[in-house]
Amino acid sequence: MPALLQVEDLKVHFPAGGLALPGAPKRLVKAVNGVSFDLARGETLGLVGESGCGKSTLGRAILHLNPITAGKVIFDGTDMSKGRSADVRKLRSAAAMIFQDPYNSLSPRRSIGDTLAEVLRVQRKIPGGKIAERVRELLTLVGLSTDLINRRPSTLSGGQCQRIGIARALAIDPQLVIADECVAALDVSIQAQIINLLIELKQRMNLSLIFIAHDLGVVRRLCDRVAVMYLGRIVETGPVEQIFRAPKHPYTAALIRAIPAIDPDQSLPQQPLGGEPPSPLHLPQGCAFHPRCPAVMEQCRHDPFPAGRQIDGRDVACHLYPTAQPSFNGQGNI
Amino acid sequence: MSMSDTAAATSRFNWLPRFGRGPFPLYAGATIIVFWVIVALLTPWIAPYDPIIQDLTQTLQPPSLAHLLGTDNFGRDVLSRIMWSSRIDLQMGIIGVVFPFMIGTIVGSLAGYFGGWVDAVFMRILDVVLAFPFLVLMLSIISILQPGLVSFYIAIALVGWVSYARLIRAQVLVLKNSDFVIAGKSLGFSHLRLMFKHILPNSITASIVFSMSDVVLVVLAGSSISYLGLGVQPPTAEWGVMIAEGQNFISAAWWMTTFPGLALVLMAFGFSLLADGLGEKLGVRE
Amino acid sequence: MTAPMPARTTAGAPVLSVQDLVVSAKTPQGPRTIVDGVSFDLHQGEILGLVGESGSGKTVTCRALMRLLPATSLGIRSGSIRLMDQDITHLPEDRMCRLRGSKIGMIFQNPTSHLDPVMRIGEQIAESIRFHEGASRREAKAKAVDLLRQVGIPDPQSRVDNFPHEFSGGMRQRALIATALACNPGILVADEPTTALDVTVQAQILRLLLDLRDQRGLAMILITHDLGVVAQTCDSIAVMYGGRLAEIGPKRALLREPRHPYTARLIACQPGASAGSGPMPSIPGQPPSVNAFPSGCRFHPRCDLAIATCRQEQPPMREMSPRHLAACHRAEEVAPLRADADANRDRKAL
């Protein structure tokens, strides 16, 4: 089956704010710096990384909510990076987003029934007379009582609002949903409810899902594949269980080790990964991870960013594996 | 940006009275305004005397039972003139706010939402307007046109919109990057829908509150301009005009300036209370 | 409780003792209880994890024992707080001020907003030393450099003159810890100190807190919503739900054999707790709102063990095993939901 979404060498650069000296080169925030991946229909991809790694920017760029600097985003056979308005309209009617902040992502002065009905009216996928019925269906679908239909978001709990956010995304009958940290702002017991809802919905509706998260535990439960990002690039991608059991990239390993286990017998690592991600304004030379890497070698400091290579059914971009087979879909990156 | 703009827009009113928070200012303000509206509506029937016809036998009478607030130098009843004035002053306050409000809202929305050159052009125009002192600009526009109420309305529309545009623009700049707007965008909502159905309802409260205080400013500006002889023309009754006329008699007939002044203060007081109460009610923080 | 820690002892008098603390909020409808009957002891060198969801009252509890409640809206209604040998429940503000910083320090979730942006890092640390110990400017600065070194800031000699915006997020949290520890308090209250940080930086900060405890014999209260953080750092755990303590006890006993259904469920639904696909264990319903706490046991609407008694009677705190207390009518019947075996096996393989 052809992939629903293909991202090829995508770059998103922003001009940095602040004052620049006249004549000095324009400073660029290289938020996404050459990312390639495929997403099959019905597949769930976890996009994981620390703050500032470009995962949210990538998600928005795929949905054409951020300008793209270079590269391609091919959705259902159409290259979106050209930005033709007919193509964008097609994308808008087939791909939706779920946001992190459940309150802020809903229009505060509208009832939730209004919010859902508006999407249905704008998208014109169902006749006007059926809209009220469909709104009630959507509420039931995400596990909410239809009594809430006239309530404002501020009178609902965070978990309820997040369910509305999901219902709104489903209102367009999407093929692709991008969930940007959609459980990060919720209490743990509510997080599990939302994750379960997503698991159920993606199976029932054969959704393709890109799940952006900083929490690896959540990703493991929900996703088929995971892509680990560091400073605008994917450093490792592959099936989620394989990566969790035996990460190849030193950053992935450190990230997994840093999740605190709920095991009283296990103590904190004596030597946690040092340093912090550098600013995307001043990317280090060579492999961007080398200043923090426990396995750093001389070539990591100077050679260009390592090419993606296939090991054990996943792609890794690291100089530790010079002999592995190069990845087929990378232009020097994964 | 939004903080400083709001602060700049409201700081002109720091001298206005401020009372306790909560619904009390809202109700008190609304009561005063309703009082003036009723007075303005009923004046033709309840005003005891004609405001314009002179009675030179009754000049400069102190307050008495026949003339509750006294008479002026032409023997006209001050109470009647104050009542007739309220019609003009209320009208000035409302028309002088509605047009700047509409222009400012549209300009601010467009500038904030689209940014780029649209923003740059509108903001430079705004800077030019702001570069001149408010009254000086008003006076020069009115004198170019010709003294009178209509010129006053045109001038205030040309000058007054800047405060609204800045308030709205600051709010729109914040809101256009908020998640619910991005969400709408990702669902294929048009710019117009996002701008006027989603962003505007959430950005307009500060302007509504400000417009209540702005009424005060406009009425005062109208009175000052009439006082200078460029607004409402004698013999029409208007509080500013009345204060100006009474000035020469301040030692002989204090009632000629004091009562119109009190009326003006009472209306200003009402609107400023209303603004405070609305601000509290609608959750607008200064 | 596994590794022997020289400074840690649960014998002897507690350094901090909270008894039946009740905090209520002033509302137009009359006082409303936010924290209801919380009791715990903290000993020297002990780290107590205070766990709960939003609205459980964990932050209010800690603000209360720092005596930092906003006086216009919240107040301690009853109960007592003893710091060392002193009852501080109603201590006047000027005397409390001298205790904060010198006897008990606090760090916060968002270091950026708790550091003064226009003051050099060194001055912010020195300020407290000069206030509490009356040290000279030079002494205080030397001590600030030393503190920055202790909290793991590289090149403290020059960093001491930086402003907060020149520090990264993790370094700001380190600097905030340095300010809290400037006057050698015996107790550190940490309110979600790692929630705003990335997971790799979180590990660094937790490591630092553990090292500081070992070096200084600090007693610590660590407020968090993340049971994983608690499991790796704390000696004992208190779980709060709806303004009350649900369960309190030594870490191992509480995590291995939770005696409150809420604790058991909470452990199971931590996202890192289990591998594999399929639905996660979750807790149905919503955490209760402060405005409408349920009757009886506040967890009963979400509890699968709830019986009629649970709806009517508030369960008392009962000791289930040494120092392990739970407030549940059916504590004996709570079975741990073990789903974490897989995850832990994987982690050990790394």
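The basis for the numbers below is simple: all heavy atoms, side chains too, and nothing from hydrogens, waters or symmetry mates. Labels below follow one simple rule: chain letters A, B, ... track the order of the sequence lines, proteins then strands, and each chain is numbered from 1.
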Item to complete: Pick one of side chain, backbone, both or neither for C/L254, based on which atoms fall under 4.5 Å of a heavy atom in chain A.
Response: neither
Discussion item. Using only atom types and a distance under 3.5 Å, with no angle test, would you say the side chain of C/Q204 pairs donor to acceptor with the backbone of A/G275?
Written reply: yes
Item to complete: List the atom of C/R302, the atom of A/S189, and the distance in Å for their closest heavy-atom pair.
Response: NH2-OG, 3.0 Å
Worksheet item: Is a side-chain donor or acceptor of A/E276 paired with a backbone partner of C/V201 at a separation under 3.5 angstrom?
Response: no
Worksheet item: Hey, does the side chain of A/Q191 reach the backbone of C/S282 with a donor-acceptor pair shorter than 3.5 angstrom?
Response: no
Item to complete: Measure the CE-CG distance between C/M280 and A/L222 for me, rounded to the nearest 0.5 Å.
Response: 9.5 Å
Fill in: Closest non-hydrogen atom pair between A/I262 and C/I267, with its separation
CD1-O, 3.9 Å
Item to complete: Calculate, to the nearest 0.5 Å, the distance between atoms CG and NE2 belonging to A/D187 and C/H225 respectively.
Response: 8.0 Å
Worksheet item: Nearest heavy-atom pair of A/A258 and C/T200: which atoms, and what distance?
Response: CB-CA, 4.1 Å
Worksheet item: Where do C/Q286 and A/I190 land on the side-chain contact (heavy atoms from CB on, under 4.5 Å) test, with the steps shown first?
Response: CA-CA 7 Å; C/Q286 313 281 340; A/I190 308 299; 3.9 Å; yes
Discussion item. Report which part of A/L216 has an atom under 4.5 Å of a heavy atom belonging to chain C: side chain, backbone, both, or neither.
Written reply: neither
Discussion item. Is A/E50 in contact with chain C via its backbone, its side chain, both, or neither, using a 4.5 Å heavy-atom distance?
Written reply: both
Fill in: Gap separating the CD1 atom of A/I259 from the CD atom of C/Q232, nearest 0.5 angstrom
10.0 Å
